[in-house]
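The chain is numbered in sequence order, starting from 1.
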Amino acid sequence: MAPKGGLFSLPLLLLGGFAVLAFFFFLPSLFRSSYLCYSESRSGATGSSGVGGKEGSEIPSRRSPSSSSDPVSASADDISWLRDQLRANELRDPPTTAEGWHMLRKGINPRTRAQQLEDLRKFKGISHYEDGENNHTDLPCPGELLVEEHHSNYGEPWAGGRDVFEFLAKSVDLLPDFQVLEIGCGTLRVGLHFIRYLDAAHFNCLERDELSLMAAFRYELPSQGLLHKRPLIVKGDDMDFTKFGDDVAFDLIYASAVFLHIPDALVWVGLERLASRLKPSKGRLFVSHNIKFCTRLRGDECSKRLSNIGLEYVGKRTHDSLLFNHYEIWFEFRRPRS
């Protein structure tokens, strides 16, 4: 029995030995393999490499082209940073008198817009082509626009356009793919900010003033590098919105100080045509300053007329300016979900 037992145990011993050798041979590769998977998952999850396998591929390291990387408004940290920069550069409070500003501009050869325009007409700039055939200017722009005279066409500073944009954008939780319509965009004091933020061809405007349109097309869009955004700006004064396409539904429609200068009857025509173009429930219509076209009606007549055309009044809102002591009043409307 003993010889049989010895013969039987020898193969088992050899088999066990091979198993132990195989385990220790493959053990480093198992650890190495696990470590690599763990590293790839981590690098992919943080979006730092973009090559970290399936998990990592689902979390991009950059924003998609359709999303805007610009915040709508300045944060508290932004304001704090700016104040720190003013202190770090020892910039005192701005002067409150003309003499004070003159002292600051000493040595800068100050020019008013009128003087700058005169210099431009007289000297045509420091370097220019004398021979018209060699003029390589693709979009010749009038001197009046180059010195930005149109920035003074408003009853408040040009910077107020940013305030309007921020208020409206936050009110509707603006996204780049929203369709926006401005009634009376003028020289794009507000519109420039929407055009920059929105996807191409998502800003629309109906404007009647030729000078404003000239400033928008010949100066503001080219100088701001926004020609590629292809805004649809249409000349018209009859509240005709058909040129914006029959299938376009707007997320936001707004009129800044425009209805003040339009007869009430035409305002109601415009509202009736716009009601069906506003997205139900979430879409918003904002009108600034006042709604005398509505308040001039007696009793609850305004609510009835709004209901008849498919709109309802949401409420009155205000917002403050970032740069100057000013606030603006807005009236909000929506289209109820049917």
Any side-chain heavy atom of Leu226 sitting closer than 4.5 Å to one from Leu188?
no
Whether Arg189 and Glu156 form a salt bridge (side-chain N of Lys/Arg under 4.0 Å from carboxylate O of Asp/Glu) is what I want to check.
yes
Nearest non-hydrogen partners of Trp330 and Ala255, listed with the distance
CZ3-O, 3.8 Å
Keeping Asp84 on the side-chain end and Trp81 on the backbone end, is there a donor-acceptor pair under 3.5 Å?
no
Apply the side chain to side chain donor-acceptor pair (under 3.5 Å) test between Tyr219 and each candidate in Gln224, His150, Glu148; give the one that qualifies.
Glu148
Strictly distance-based, threshold 3.5 Å: is any side-chain N or O of Arg284 a donor or acceptor partner for the main-chain N or O of Ser281?
yes
State which residue, out of Tyr254, Phe167, Phe259, fulfils the ring pair (Phe, Tyr, Trp, His ring centres under 6.0 Å) condition with Phe286.
Phe167
Let me confirm one number: the CD1-NE2 distance from Ile329 to His319, rounded to the nearest 0.5 Å.
10.0 Å
Please give me the minimum heavy-atom distance between His228 and Ala200, naming the atom from each residue.
O-CB, 3.9 Å
Spatial distance of atom CZ (Phe203) from atom SG (Cys185) [nearest 0.5 Å]:
5.0 Å
Tell me yes or no: between the side chains of Ser75 and Asp78, is some donor less than 3.5 Å from an acceptor?
yes
For the side chain to side chain donor-acceptor pair (under 3.5 Å) test, which of His202, Lys279, Lys282 pairs with Asp251?
Lys279
Only one of Lys292, Arg305, Arg296 forms a salt bridge (charged side-chain N to carboxylate O under 4.0 Å, His left out) with Asp264, so which one is it?
Arg296
Measuring from Ser321:OG to Asp163:CG, what's the distance to the nearest 0.5 Å?
3.5 Å
Out of the candidates Arg113, Arg218, Arg121, only one should pair with Glu144 under the salt bridge (charged side-chain N to carboxylate O under 4.0 Å, His left out) rule; please name it.
Arg121
CG-CG distance between Asp240 and Leu206, expressed to the nearest 0.5 angstrom
8.0 Å
